[in-house]
Enquirer: 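This structure is in structure tokens; I'll ask about it shortly.
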Amino acid sequence: MNSLTIHQPDDWHVHLRDGDMLKAVLPATAAHFGRAIIMPNLVPPVVTTAQAEAYRGRIQTALPTGSEFMPLMTLYMTDDTDADDVIAGYQAGVVKAVKLYPQHATTNSHFGISDITRAYPVLERMEAAGVPLLMHGEVTDPQVDIFDREAVFLERIFDPLVRRFAGLKVTLEHVTTQEGVDYIIAARAGIGASVTPHHLMFNRNAIFQGGIRPHYYCLPIAKREQHRLALRRAVTSGNPRFFLGTDTAPHTRTAKEAACGCAGLYVAPVALATYAQVFDEEGALDKLEAFASLNGPRHYGMPVNARRITLHREQRFVAEDVSVAGEEAVHIYRGGESVGWRVEVHA
Ligand code: DOR
Ligand code: ZN
């Protein structure tokens, strides 16, 4: 197969940031995806409907002219989240979902939930109103090894939560482990997981290949090879619970190439080419459309995009970096290499 035409994909997990960084990175996401779930971990975080609406306005202003890209906004859950505001924002069509970060789990998560039970009253209201919950699935207990944080999260937090709120729609974001995959496959209805391109591409050895490699550092951290293979099997299985979420998370080179470098990869420019490569390597290109374009809308109860795209098997060189306001550089995942697929978006 040298070209593949599918419904336009959506990105169910992206960090677009704000200000000059937003202007620098938004075009790559808007160029390929119909819609995207916009993560709320700005500084300060997006915690109210009014803030989400204002942020959506800034994204729309930064869009290239003529773009029909639709940002789907989320709220950042804190210990003080106002359930009335969440429900009102959802019913007004401003808020699409609520993101829960365990406190200190990752970038800008210090306002996150300190104790999961503090979220329960809001979750009860979300369950009743049909508001989806998006979870960063890692425990923050310093006693737990960084490579075990997802598996322990499933046991301690995720499983009790999805049982207690049996009607709540929940996404396990950026699943990275065999345990996560197994859990999602066996879970009750209404549970899904997003999978990034990079967790399908490399395992934890990449972070230490010949020296420390900050551009392979993200959270959840890449795991052992067996886990990467489990993720590949999951996405190519056709199981509707797994869908595309790039976790595009740009940081400047200065912020990443540091003694304490930031977590996150800037993957949007090569995301679709990378997913296509993975599905091709697995002999499952026929399953790519379900993962990229159908399963996400089904999980979130939204229509599939009418627009189509064509993936062409073609070598394409990827620039090393994108520049922010002509100054700081953000390294692009796979930048400086060739990727094997080109994306054509139809009118
Ligand atoms: O690697 C990550 N980067 N993981 C996250 O959960 C957050 C993200 C970011 O915002 O940079
Ligand atoms: Zn993320």
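Order of listing sets the numbers, starting from 1, for every ligand and every atom in it.
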Enquirer: Pull up every protein N/O/S atom sitting under 2.8 Å from the Zn ion (ligand 2), skipping waters.
Expert: His13 NE2, His15 NE2, Asp247 OD1
Enquirer: Any idea which of Arg17, Lys256, Lys99, His15 brings a heavy atom closest to atom 11 (O) of ligand 1?
Expert: Arg17
Enquirer: Looking only at non-hydrogen atoms, find the nearest pair between Tyr101 and Pro40 and report the distance.
Expert: OH-CD, 4.3 Å
Enquirer: With distance as the sole criterion, is a donor-acceptor pair present between the side chains of Arg228 and His198 under 3.5 Å?
Expert: no
Enquirer: Do Arg204's NZ or CZ and the ring of Phe147 fall within the cation-pi criteria of under 6.0 Å and 45°?
Expert: yes
Enquirer: Do any nitrogen or oxygen atoms of Pro220 lie less than 3.5 angstrom from nitrogen or oxygen atoms of ligand 1?
Expert: no
Enquirer: Using the rule ring-ring contact (aromatic ring centres under 6.0 Å, His included), only one of Phe291, Tyr300, Tyr275 pairs with Phe243; which is it?
Expert: Tyr300
Enquirer: Verify the ring-centre separation between His199 and His174: is it less than 6.0 angstrom?
Expert: no
Enquirer: What pair of heavy atoms forms the shortest contact from Leu244 to Leu272, and how long is it?
Expert: CD1-CD2, 3.9 Å
Enquirer: Before we go on, tell me: are the rings of Phe165 and Tyr120 under 6.0 Å apart, centre to centre?
Expert: yes
Enquirer: To which of Asn41, Leu42, Thr196, Thr248 does the heavy atom nearest atom 10 (O) of ligand 1 belong?
Expert: Asn41
Enquirer: Membership question, hydrophobic clusters at under 4.5 Å side-chain separation (ILVMFWY): are Val318 and Val322 in the same one?
Expert: yes
Enquirer: Looking at His136, which atoms of ligand 1 are within less than 4.0 Å of one of its heavy atoms?
Expert: 6 (O)
Enquirer: Look only at interatomic distance and state if Cys218 has a nitrogen or oxygen under 3.5 Å from any nitrogen or oxygen of ligand 1.
Expert: no
Enquirer: Looking at ligand 1, is there an atom of it that comes within less than 4.0 Å of some heavy atom belonging to His251?
Expert: yes
Enquirer: At a 4.0 Å threshold, what atoms of ligand 1 neighbour a non-hydrogen atom of Ala249?
Expert: 3 (N), 8 (C), 9 (C), 11 (O)
Enquirer: Which residues satisfy the salt bridge (Lys or Arg N to Asp or Glu O under 4.0 Å) test with Asp141, sequence neighbours excluded?
Expert: Arg156
Enquirer: Where is the tightest heavy-atom contact between Met21 and Pro250, given as atom of each residue plus distance?
Expert: CE-O, 3.9 Å
Enquirer: Kindly identify the option in Ile221, Leu219, Leu265 whose heavy atom sits closest to atom 1 (O) of ligand 1.
Expert: Leu219
